[in-house]
Amino acid sequence: MTAETVRLSGVTKRYGKAEAVRDVSFALPAGQCAALVGHNGAGKTTLIKLMLGLIRPSAGGIRVLGEDPAAGAFAARRRLGYLPENVSFDAALTGRETLAFYARLKREPVAKVAALLDRVGLGAAAARRVGTYSKGMRQRLGLAQALLGEPRVLLLDEPTTGLDPEVRQSFYGIIEELRGRGATVLLSSHALTELEDRAERVVIMNRGVLVADGSLGELRRLARLPVRLRVTS
Ligand code: ATP
């Protein structure tokens, strides 16, 4: 068991001549809820794809649960959950059918589905077609999909964008419960205001560069100082 779940060391990702991410380093201890904040194009999704092993860094190294996530034999893959930014489901399937489909795809027991739907507050809507779900309900179904392997690391790409504050609160409630079970949660957001003070750690990206890393309180104090750091709340 490693106390450190994710480590990025001097990570750069280039697409041709363009640098999507430049020399980024940070580590996430087990059980931390951290936020990755930045405007559009800051490099958040690129960092998440690197941590998932979907793309390889042009320079630098990444470890997730002690392994290289881009290696073919990434044994910890099952313990890495992911909620994409724009999750979309087949509107004709029910919530239960949708999650059962993902369970089969991920070779997880279909018997888990009912308990997971309850856990994200969708138990009563399990037999309803996803086409009738609100955006908040679809996000929670997406979270249930990400939780299928009981992940130790959960990467959530802009999970609360477009949700109203009440739904956002319930989403954060589920994240708190996960952290209580020892999971590390990294969520990306384009605005600090969306975090509702829930993330204990904030990593701020701007144009591919890490510009600040600290607690929300520390960053807010810094923002009041005459330094070049834009904090949106
Ligand atoms: P958003 O909130 O819009 O998703 P982001 O912070 O997630 O923004 P990224 O999607 O990581 O930002 O993009 C960072 C930069 O890398 C952008 O300038 C983007 O155009 C560029 N980029 C990302 N993916 C590719 C790609 N496959 N090919 C070329 N450039 C890319």
Side-chain angles (χ1 to χ4, degrees), residues 2 4-71 74 76-77 79-87 139 142-143 145-146 149 151-161 171 175 178-179 183-195 198-216 218-219 229-232:
T2 164
E4 194 178 87
T5 53
V6 175
R7 172 171 285 277
L8 276 72
S9 315
V11 170
T12 293
K13 178 65 189 175
R14 291 184 207 96
Y15 290 105
K17 282 187 184 157
E19 275 181 336
V21 164
R22 190 194 322 152
D23 195 20
V24 170
S25 301
F26 64 83
L28 302 178
Q32 189 169 65
C33 177
L36 191 57
V37 179
H39 295 299
N40 289 348
K44 306 179 298 291
T45 302
T46 302
L47 284 177
I48 288 177
K49 283 192 208 169
L50 285 160
M51 288 181 250
L52 288 168
L54 300 176
I55 52 175
R56 288 176 188 274
S58 310
I62 304 176
R63 306 306 272 179
V64 175
L65 299 170
E67 296 178 52
D68 172 2
F74 177 42
R77 189 173 304 280
R79 312 312 302 277
L80 181 58
Y82 170 50
L83 175 61
E85 184 175 349
N86 289 308
V87 65
Q139 281 297 84
L143 188 58
Q145 164 276 124
R152 285 182 51 211
V153 177
L154 198 56
L155 304 177
L156 311 175
D157 201 355
E158 308 234 6
T160 58
T161 302
F171 197 87
I175 290 175
L178 279 169
R179 284 191 47 221
T184 302
V185 181
L186 180 73
L187 56 109
S188 82
S189 173
H190 59 257
L192 274 180
T193 40
E194 287 204 350
L195 301 177
R198 294 305 187 105
E200 56 196 305
R201 160 102 172 272
V202 182
V203 174
I204 301 184
M205 296 286 297
N206 186 32
R207 297 183 183 191
V209 177
L210 191 161
V211 291
D213 181 359
S215 72
L216 205 49
E218 275 163 15
L219 295 183
L229 175 69
R230 284 189 58 206
V231 181
T232 53

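These numbers come from the heavy atoms of this one structure, side chains and all, not from hydrogens, waters or symmetry mates. Bear in mind the structure is a predicted one, so any value in this text is a computation, not a measurement. Nothing fancy with the numbering, it's 1 onward along the sequence.
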Rounded to the nearest 0.5 Å, how far does CG of Asp23 lie from OG1 of Thr12?
5.5 Å

Does the side chain of Leu28 reach to within under 4.5 Å of the side chain of Arg201, using non-hydrogen atoms?
yes

Within this structure, what is the CG-CZ distance for the pair Leu65 and Arg77, rounded to the nearest 0.5 Å?
11.5 Å

Pro159 vs Leu143 side-chain heavy atoms within contact, under 4.5 Å
no

So do the side chains of Met51 and Leu80 get within less than 4.5 Å of each other, counting heavy atoms only?
no

Heavy-atom pair with the smallest gap, counting every atom of Cys33 and Leu187:
SG-CD2, 4.0 Å

Heavy atoms, side chains only, cut-off 4.5 Å: are Val37 and His190 in contact?
no

Can you find a heavy atom in the side chain of Leu186 that is under 4.5 Å from one in the side chain of Val153?
no

Contact check, side chains of Lys13 and Val24, non-hydrogen atoms, under 4.5 Å
no

Where at least one partner belongs to residues 44-56, residue pairs that pass side chain to side chain donor-acceptor pair (under 3.5 Å), sequence neighbours excluded:
Thr45-Asp157

Test Glu200 against Arg179 for salt bridge (Lys or Arg N to Asp or Glu O under 4.0 Å), laying out the working first.
CA-CA 11 Å; Glu200 56 196 305; Arg179 284 191 47 221; 2.9 Å; yes

Output the distance between atom OG1 (Thr184) and atom CG (Leu154), rounded to the nearest 0.5 Å.
9.5 Å

Less than 4.5 Å apart, side chain to side chain, heavy atoms only: is that true for Val21 and Ser58?
no

Of Leu47, Leu210, Leu8, the residue whose pairing with Val203 passes side-chain contact (heavy atoms from CB on, under 4.5 Å):
Leu210

Go through it in stages, so that I can follow the logic: the residues are Leu155 and Val6, the test is side chain to side chain contact (heavy atoms under 4.5 Å, CB included), and I'd like the CA-CA distance, side-chain angles, deciding distance and then a yes or no.
CA-CA 11 Å; Leu155 304 177; Val6 175; 5.5 Å; no

Taking atom CG of Leu156 and atom OG of Ser189, what is their separation to the nearest 0.5 Å?
11.5 Å

